[in-house]
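Worksheet: one structure, shown below.
Positions are given from 1 along the sequence. What you see below is based on every heavy atom in this structure, not just the backbone, and it leaves out hydrogens, waters and symmetry mates.
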Amino acid sequence: MMIVMLAPLLASLGSPAAPPRPAPPGQQARPAAAPARTGFDLEVLRQQVMLDRAGFSPGAIDGKAGANTTHALTAFEQAGGSGAGAAVDPLVRYRITPADAAGPFVAVPEDMMEKAALDSLGYASLLELLAERFHATPALLQQLNPRVTFAADQEIQVPNVEPMTVPVPPADAAKGEPAPSLPDVVITVGKAAKSLVVTDGGGKTVFYAPVTTGSEHDPLPIGEWKVNSVHPAPAFYYNPALFWDADSSQAKAKVPPGPNNPVGLVWIDISKEHYGLHGTPVPETIGRTESHGCVRLTNWDALHLAGLVKKGTRVVFTE
């Protein structure tokens with residue numbers, strides 16, 4: 001299905017609903033040469049890029065056929081596609097800047113108490129930073145650039161998506177209420193489908209993303225809720241009493257913000273106490289593993305979602 005459905009997908013993208021994405025600040029996006037096919041399928045990669053650009057996220061782009069890409073494609077087709085236009089190149093070139101290479105990078109520990117002792121939970125490496133910026137897995141970037149050491153001033157091939165920008169922690173942590181002028185949308189999270197769909201007032205899908213929604217121990221709370229607030233670059237307030245698998249000897253702790261924070265780069269608080277929609281430090285696991293009941297997305301999808309909601313936005317959790 002992946003390859004057979006590629007032609008109609010390419011024909012329907014590149015319309016006003018899926019405008020060309022800008023290159024990173026100060027850089028001109030330009031097509032990249034076709035890479036050697038090592039460890040990924042170029043046509044699947046092209047499909048994942050097109051879906052991402054159209055607002056139907058396949059999760060972490062890896063160039064491999066899988067459930068997240070299949071479900072995103074199905075959602076795109078069910079939404080009717082959008083207009084007509086020429087396809088874009090799936091890859092562009094990007095020159096690694098000295099600022100990229102400067103980090104700072106962090107050796108991220110597994111233990112929550114050790115995480116809480118750090119000043120921040122930034123990226124562990126330049127490769128991780130670049131992969132997340134371009135919505136990809138680190139393995140894919142290595143496969144696209146087999147002779148690159150990932151250092152300043154090197155030119156690399158990356159997926160042609162809108163680069164993710166890491167938010168800066170707000171000076172006033174209480175300022176979490178999203179802009180009230182945003183149009184009304186409804187967020188629907190499907191437990192079985194492991195998906196999140198945002199629809200506008202007319203029922204049209206304006207965003208789709210794979211999610212991880214809970215587990216046997218912490219099931220998704222089926223029902224209807226509302227968005228209370230949005231917190232970019234949040235700290236995580238760890239309470240071992242709320243986690244069935246926590247170390248009982250641990251104490252409450254404030255875990256610093258950063259992309260490797262347990263809730264990623266944004267927390268969307270909802271009216272169900274202790275629950276929210278948020279990012280993750282492990283984007284490759286979205287749609288494939290379990291969570292502690294909240295709704296996890298890749299950091300870039302969570303940030304995209306945060307830009308669509310406001311206080312009072314309906315959030316519906318379904319089976």
Side-chain angles (χ1 to χ4, degrees), residues 21-22 52-60 72 120-123 132-135 161-190 194-201 204-213 220 224-237 255-283 286-287 291 293-317:
R21 304 299 190 182
D52 185 288
R53 292 168 62 90
F56 290 78
S57 173
S120 68
L121 282 167
Y123 289 110
E132 186 146 301
R133 179 178 296 170
F134 295 102
H135 309 184
V161 297
E162 182 175 9
M164 187 193 77
T165 301
V166 176
V168 177
D172 181 355
K175 293 180 179 179
E177 187 169 320
S181 59
L182 292 170
D184 291 331
V185 296
V186 177
I187 299 170
T188 302
V189 175
K194 297 182 180 180
S195 66
L196 176 147
V197 179
V198 180
T199 51
D200 63 15
K204 178 183 177 181
T205 298
V206 296
F207 182 58
Y208 167 93
V211 298
T212 292
T213 61
L220 185 74
E224 184 168 326
W225 318 99
K226 292 183 178 180
V227 170
N228 286 335
S229 55
V230 173
H231 302 270
F236 175 64
Y237 293 88
V255 180
N260 275 305
N261 179 286
V263 295
L265 289 174
V266 66
W267 170 266
I268 302 173
D269 190 57
I270 64 172
S271 54
K272 173 68 173 175
E273 188 177 14
H274 302 308
Y275 284 82
L277 301 92
H278 61 85
T280 180
V282 281
I286 295 301
S291 75
C294 291
V295 176
R296 289 194 291 120
L297 305 90
T298 65
N299 276 333
W300 54 89
D301 286 340
L303 288 168
H304 186 117
L305 177 65
L308 299 175
V309 306
K310 61 184 177 181
K311 183 177 178 64
T313 293
R314 288 177 60 205
V315 180
V316 182
F317 292 163

Legend entry - Between CD1 on residue I286 and OG1 on residue T280, distance to nearest 0.5 Å: 4.5 Å
Legend entry - Exam field: side chain H135 to backbone P58, donor-acceptor pair closer than 3.5 Å: no
Inset, instruction - Identify the two heavy atoms, one from C294 and one from G276, that lie closest to each other, and give their separation to 0.1 Å. - result: CB-O, 3.4 Å
Legend entry - Rounded distance [0.5 Å steps], CE in M164 versus OG1 in T298: 8.5 Å
Inset, instruction - Using a 4.5 Å cut-off on heavy atoms from C-beta on, say whether the side chain of V166 contacts that of Y123. - result: yes
Inset, instruction - Please report the shortest heavy-atom distance between L308 and V198, naming the atom on each side. - result: CD1-CG1, 4.2 Å
Inset, instruction - To the nearest 0.5 angstrom, please state how far the CG atom of D269 sits from the NZ atom of K311. - result: 9.0 Å
Legend entry - Heavy-atom side-chain contact between L277 and L196 under 4.5 Å: yes
Legend entry - D52 versus W300, closest heavy-atom pair with distance: OD2-NE1, 4.3 Å
Legend entry - Main-chain N/O of G287 paired with T212 side-chain donor or acceptor, under 3.5 Å: yes
Inset, instruction - Report yes if some heavy atom in the side chain of P167 is under 4.5 Å from a heavy atom in the side chain of L303; otherwise report no. - result: yes
Inset, instruction - List the atom of S57, the atom of A72, and the distance in Å for their closest heavy-atom pair. - result: O-CB, 3.4 Å
Legend entry - Heavy-atom pair of closest approach, residues P256 and L121: O-CD1, 3.6 Å
Legend entry - Any side-chain heavy-atom pair of R133 and P163 under 4.5 Å: yes
Inset, instruction - Report yes or no: does D200 contribute a side-chain atom to a donor-acceptor pair with the main-chain N or O of V185 at less than 3.5 Å? - result: no
Inset, instruction - Kindly give the heavy-atom pair with the smallest separation between V168 and A233, and that separation in Å. - result: C-CB, 4.0 Å
Legend entry - Close side-chain approach of D301 to F207, heavy-atom, < 4.5 Å: yes
Inset, instruction - Could you list the residues that satisfy salt bridge (charged side-chain N to carboxylate O under 4.0 Å, His left out) with D184, not counting sequence neighbours? - result: K310
Legend entry - side chain to side chain contact (heavy atoms under 4.5 Å, CB included) partners for S271, two or more places apart: W225, K226, N228
Legend entry - Pairwise distance CD1(I270) to CZ(F317) - rounded to 0.5 angstrom: 4.0 Å
Inset, instruction - Output the distance between atom CD1 (I268) and atom OG1 (T313), rounded to the nearest 0.5 Å. - result: 9.0 Å
